[in-house]
Amino acid sequence: MQSTYHKLVKELEDSSTTLVAVSKTKTVEDIRTIYDQGQRIFGENRVQELVEKEAKLPKDIEWHMIGQLQTNKVKFIAPFVSLIHSIGSIKLLKEVDKQAKRYDRSIPVLLQMKIAAEETKAGFDEVELTELCKAGLEDSYPNVEFVGMMGMATFTNDQEQIRNEFSQLSRVYTSLKKEFLPSFQILSMGMSGDYQLAIEEGSNMVRIGSLLFGSR
Ligand SMILES: *Cc1c(COP(=O)(O)O)cnc(C)c1O
């Protein structure tokens with residue numbers, strides 16, 4: 001019998017979409033199970049959990065920070081994090097740049113754009129992103145690698161609304177890549193409930209938790 005993991009991987013392969021297995025709240029044994037089936041990219045949304053799991057699991061795992069990140073906690077993940085999806089403020093960007101330099105590395109990041117209607121969801125808006133890019137992101141933050149964008153759709157059953165939000169992010173991603181940041185290669189959008197829609201709208205990286213690990 002094919003596992004859920006393998007079915008999903010097969011499905012994503014057809015569209016060359018990268019899978020981030022979102023393992024927040026799951027145990028290191030749960031992560032091992034998926035690791036043993038071949039998965040190497042895992043995403044967490046809390047710094048402490050991420051640091052603890054990183055210490056206990058194989059070193060060839062690429063750890064992605066996907067959740068809201070407090071400035072004072074960047075230093076804990078700076079030595080090893082492979083990608084930060086959730087850069088939603090200048091303050092955070094400055095700190096990531098500073099910590100990357102301290103650890104003598106560059107840290108790849110995604111700029112998070114607020115596309116959802118909910119006030120709780122973080123990120124820049126389109127105007128802020130354009131201003132940032134015009135000011136010269138790469139020169140201002142030399143230890144940060146700007147590799148793409150991330151966004152989360154509104155938590156709703158309205159498929160048209162979700163599609164419109166993804167489409168908006170996809171449009172901004174394409175335009176910033178063309179005009180300012182040819183280094184962009186990752187568009188991270190889509191979770192368990194909406195990843196197919198996200199891929200249809202241009203996503204090439206999905207962050208999937210409950211579909212893989214069961215509900216939290
Ligand atoms: C939890 C989480 C996910 C995964 O959500 P599922 O619905 O369990 O797939 C994706 N992205 C972010 C930012 C998350 O916090």
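First listed ligand is number 1; within each ligand, the first listed atom is number 1. Counting from 1, the numbers follow the sequence of the chain as shown.
- The Gly209 neighbourhood of ligand 1 comprises atoms 4 (C), 6 (P), 8 (O), 9 (O), with distances under 4.0 Å to a heavy atom of that residue.
- Relative ring orientation between Tyr141 and Phe146 is described as perpendicular, the plane-to-plane angle rising above 60° on a 0-90° scale split at 30° and 60°.
- Atoms of ligand 1 found under 4.0 Å from any heavy atom of Ser210 (numbered from 1 in listed order, with element): 6 (P), 7 (O), 8 (O), 9 (O).
- Within the 4.0 Å heavy-atom cutoff, Ile208 counts among the residues contacting ligand 1.
- Contact detail for Ile31 and Lys26: the closest heavy-atom pair is CD1-O, 4.5 Å.
- Side chains of Ser15 and Thr17: a donor-acceptor N/O pair is present below 3.5 angstrom, by distance only.
- In this structure, His85 does not count as a contact residue of ligand 1, since none of its heavy atoms falls inside 4.0 Å of the ligand.
- Considering only non-hydrogen atoms, atom 14 (C) of ligand 1 lies nearest to Lys24 out of Lys24, Met191, Arg207.
- Considering backbone and side-chain N/O of Met150, none are found under 3.5 Å from N/O of ligand 1.
- Between the side chains of Tyr195 and Glu11, a donor-acceptor pair is found at a separation under 3.5 Å.
- Between Asn45 and ligand 1, a contact under 3.5 Å exists for no N or O pair.
- Among all protein heavy atoms, the one lying closest to atom 13 (C) of ligand 1 is Ile66 O, 3.4 Å.
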Set out, in order, the CA-CA distance, both residues' side-chain angles and the distance that settles side chain to side chain contact (heavy atoms under 4.5 Å, CB included) for Val172 and Met113, then state yes or no. CA-CA 9 Å; Val172 174; Met113 180 168 159; 3.7 Å; yes
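- Side chains of Ser188 and Arg207: a donor-acceptor N/O pair is present below 3.5 angstrom, by distance only.
- In this model, a donor atom of one side chain and an acceptor atom of the other lie less than 3.5 Å apart for Gln161 and Glu165.
- Interface atoms of ligand 1 facing Ser192, defined by a heavy-atom separation under 4.0 Å, are 6 (P), 7 (O), 8 (O), 9 (O).
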